[in-house]
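The next block holds one structure in the form of structure tokens; read it before the comments.
Remember, predicted model here, so these are calculated numbers, not experimental data. Just so we're on the same page: letters track the sequence lines, and every chain starts at 1.
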There are 2 protein chains.
Amino acid sequence: MPRPTKQSPERGDARTRLLEGARDVIRRKGFAATSVDDLCQSAGVTKGAFFYHFNTKDALGVAVANFWAETTSALFASAPYHEPDDPLDRVLAYLDFRKGLIDGETFEYTCLVGTMTQEVHDSAPAIRDACAASIFGHAATLETDIEAARKQHNIDADWTAESLARHTQAVLQGGFILAKATGDPDLARESVDHLIRYVRGLFGVGPNTSETNYEKSS
Amino acid sequence: MPRPTKQSPERGDARTRLLEGARDVIRRKGFAATSVDDLCQSAGVTKGAFFYHFNTKDALGVAVANFWAETTSALFASAPYHEPDDPLDRVLAYLDFRKGLIDGETFEYTCLVGTMTQEVHDSAPAIRDACAASIFGHAATLETDIEAARKQHNIDADWTAESLARHTQAVLQGGFILAKATGDPDLARESVDHLIRYVRGLFGVGPNTSETNYEKSS
DNA sequence: TCCGAAACATACCATACGGTTGGTATGTAG
DNA sequence: CTACATACCAACCGTATGGTATGTTTCGGA
């Protein structure tokens with residue numbers, strides 16, 4: 001049973017605070033450069049609490065990757081891009097939704113599991129696998145709509161829905177890297193625009209159909 | 001004047017060996033997780049040699065990013081994809097060339113400066129800027145051919161050559177992440193295939209023109 | 001042949017790191 | 001009220017780390 005801490009009883013239990021803090025700190029500094037003390041400070045707990053909930057630092061890495069998978073899948077499941085009847089419109093609305101998420105500070109919109117994958121792919125298989133499950137699990141949710149769109153629009157494609165779904169994730173991940181290189185989220189949005197143009201081209205639709213615009217109004 | 005070491009007199013001077021070792025070790029383990037001792041071991045030198053050539057670990061980070069920029073630009077400058085007369089064929093040949101480079105172990109084909117950007121973008125501006133210069137400097141070499149192709153083929157585009165050049169780098173970087181997540185280079189090649197299909201679509205050419213195939217014959 | 005600087009190697013230091021230990025407050029079941 | 005598990009805290013430990021101080025080798029030039 002989680003119990004609130006004396007210092008901050010309103011912020012939830014220590015384990016959740018550690019995961020939320022880790023999510024943000026690791027996106028700023030990376031996994032290896034983030035010390036256990038950093039993680040404890042971001043959560044407002046001591047190392048005793050940390051190692052009570054996680055046996056090792058790597059164990060937190062796995063846990064925060066799973067935490068990321070759960071929270072993002074909940075976000076996407078409740079997002080409005082599922083509304084259109086045409087599955088192609090849902091795919092395009094998804095991409096527009098993703099584009100709208102790219103806003104604010106770098107650590108706010110970049111992908112935790114993409115970042116961690118880069119770092120630990122060769123040294124921490126458990127973390128890498130958890131990250132991969134998050135990435136490809138999300139891609140699978142998109143694959144459904146892509147395949148439905150392919151059938152509904154009678155596209156005789158030389159590509160698979162699976163590969164296109166993965167490609168969307170690759171474009172997003174790559175866009176994040178360019179954005180990090182300059183600190184400018186426009187570079188990530190720019191690649192999403194190219195991706196949208198590509199998908200439209202695959203399905204033979206023009207640059208302006210009538211899907212809802214989900215971009216932030218800022 | 002560089003001097004060969006007793007242990008390995010044939011492998012060149014210590015500074016170059018440190019840069020070459022850093023290039024490979026950092027691509028495996030990441031920058032933060034790579035210790036100075038790791039770097040010294042990979043080069044077969046001691047810490048005295050390391051700190052004689054580089055004041056700090058971060059200074060090596062900047063140096064290895066510049067080293068990467070120099071060596072890769074030399075590789076691409078001498079690559080055969082510049083041969084076609086049609087600039088569009090050069091662009092497509094470039095993408096085919098990049099696809100052919102994706103082979104072997106993960107650390108052999110992934111991008112050093114993309115990896116380092118992810119890690120240090122918020123904590124080591126000097127390294128980040130050196131990485132950004134490498135990425136966007138390379139993209140600029142591609143931009144020339146794209147712009148020439150756009151004019152030659154009379155494309156009235158709603159995209160710029162600059163943005164498309166950056167997008168190619170984003171796709172490659174994103175493909176590397178997916179490849180790292182699974183250890184399978186096919187995932188990176190798959191995204192390049194989508195990118196090639198996109199570029200063909202932008203210029204209205206079919207799936208099979210006659211550019212040379214630069215893929216490795218392995 | 002001698003010298004001095006460049007190019008390393010060796011030994012060492014202070015600190016930060018991941019992890020451990022012992023203890024304490026709180027909740028809960030009987 | 002007892003007994004015990006959960007959830008956390010404070011202090012500590014051994015080691016690895018980035019960095020330094022100093023010694024040693026190599027080599028071109030006077």
>> Test side-chain contact (heavy atoms from CB on, under 4.5 Å) on B:Y198 and B:H167; report intermediate values, then the result.
In response: CA-CA 11 Å; B:Y198 174 51; B:H167 180 60; 4.0 Å; yes
> Would A:T141 and A:F76 satisfy side-chain contact (heavy atoms from CB on, under 4.5 Å), going step by step from the backbone distance to the final call?
Replying inline: CA-CA 9 Å; A:T141 70; A:F76 288 121; over 6 Å; no
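Between the side chain of B:S191 and the backbone N or O of B:A188 there is no donor-acceptor pair closer than 3.5 Å. Distance alone, capped at 3.5 Å, places no donor-acceptor pair between the B:R90 side chain and the B:Y81 backbone.
Across all non-hydrogen atoms, the minimal contact from B:F50 to B:T56 is CE2-O, 4.2 Å.
Separating the CG atom of A:D13 from the P atom of C:dT26 is a distance of 17 Å, rounded to the nearest angstrom. Going from atom CG of B:L39 over to atom C1' of D:dA16 covers 14 Å, rounded to whole Å. Counting to the nearest Å, the C1' atom of D:dT20 and the CZ atom of B:F50 are 14 Å from each other. For the pair A:D38 CG and C:dA16 C1', the interatomic distance rounds to 11 Å; values are reported in whole Å. Taking atom NZ of residue A:K47 and atom P of nucleotide D:dC13, one finds them 14 Å apart after rounding to whole Å. As rounded to whole Å, 14 Å separates atom P of D:dT17 from atom CZ of B:F31. The separation between A:F51 atom CZ and D:dA11 atom P is 18 Å, rounded to whole Å. Remark: P of D:dG19 and CG of B:N55 are 10 Å apart, rounded to the nearest angstrom.
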Which donor-acceptor pairs under 3.5 Å do the side chains of residues 176-187 of chain A make with protein atoms, sequence neighbours left out?
unit_1 : atom_1 : unit_2 : atom_2 : d
A:K180 : NZ     : A:T115 : OG1    : 3.0
A:K180 : NZ     : B:Q118 : OE1    : 2.2
A:T182 : OG1    : A:L178 : O      : 3.3
A:T182 : OG1    : A:D184 : N      : 3.2
A:D184 : OD1    : A:D186 : N      : 3.0
A:D186 : OD1    : A:R189 : NE     : 3.2
A:D186 : OD1    : A:R189 : NH2    : 2.8

Give every donor-acceptor pair under 3.5 Å between a side-chain atom in residues 25-33 of chain A and any protein atom, sequence neighbours left out.
unit_1 : atom_1 : unit_2 : atom_2 : d
A:R27  : NE     : A:R23  : O      : 3.3
A:R27  : NE     : A:F107 : O      : 3.0
A:R27  : NH1    : A:F107 : O      : 3.1
A:R27  : NH1    : A:E108 : O      : 3.4
A:R27  : NH1    : A:T110 : O      : 2.8
A:R27  : NH2    : A:D24  : OD1    : 3.2
A:R27  : NH2    : A:F107 : O      : 3.3
A:K29  : NZ     : A:D38  : OD2    : 2.8

Could you pull out every donor-acceptor pair under 3.5 Å between side chains of residues 125-135 of chain A and any protein atom, sequence neighbours left out?
unit_1 : atom_1 : unit_2 : atom_2 : d
A:R128 : NH1    : A:H121 : O      : 3.1

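For DNA chain C, none of the residues of residues 57-65 of chain B falls under the heavy-atom distance limit of 4.0 Å. Proximity of residues 115-126 of chain B to DNA chain C (heavy atom under 4.0 angstrom from any strand atom) is not detected for any residue.
Of all nucleotides listed (D:dC9, C:dC8, D:dG18), D:dG18 comes nearest to the side chain of B:V36. Listed candidates were C:dA9, D:dG19, D:dT17. Nearest to the side chain of B:T56 is D:dG19. The listed nucleotides are C:dG18, D:dC9, C:dC8; the one nearest the side chain of A:S35 is C:dG18. Among the nucleotides D:dG19, D:dC8, C:dC17, the one closest to any side-chain atom of A:A14 is D:dC8. Which of D:dG18, C:dA9, C:dC17 sits closest to the side chain of B:V45 comes down to C:dA9.
A side-chain N or O of A:R98 and one of A:Y94 form a donor-acceptor pair less than 3.5 Å apart.
Distances shorter than 4.0 Å separate none of the side-chain N or O atoms of A:Y52 from OP1 or OP2 on D:dC8. At the phosphate of D:dA7, neither OP1 nor OP2 sits under 4.0 Å from any side-chain N or O atom of A:H53.
Contacts of B:E162 classified as side-chain hydrogen bond (donor to acceptor under 3.5 Å, both in side chains), with partners at least two apart in sequence or in another chain: B:R166.
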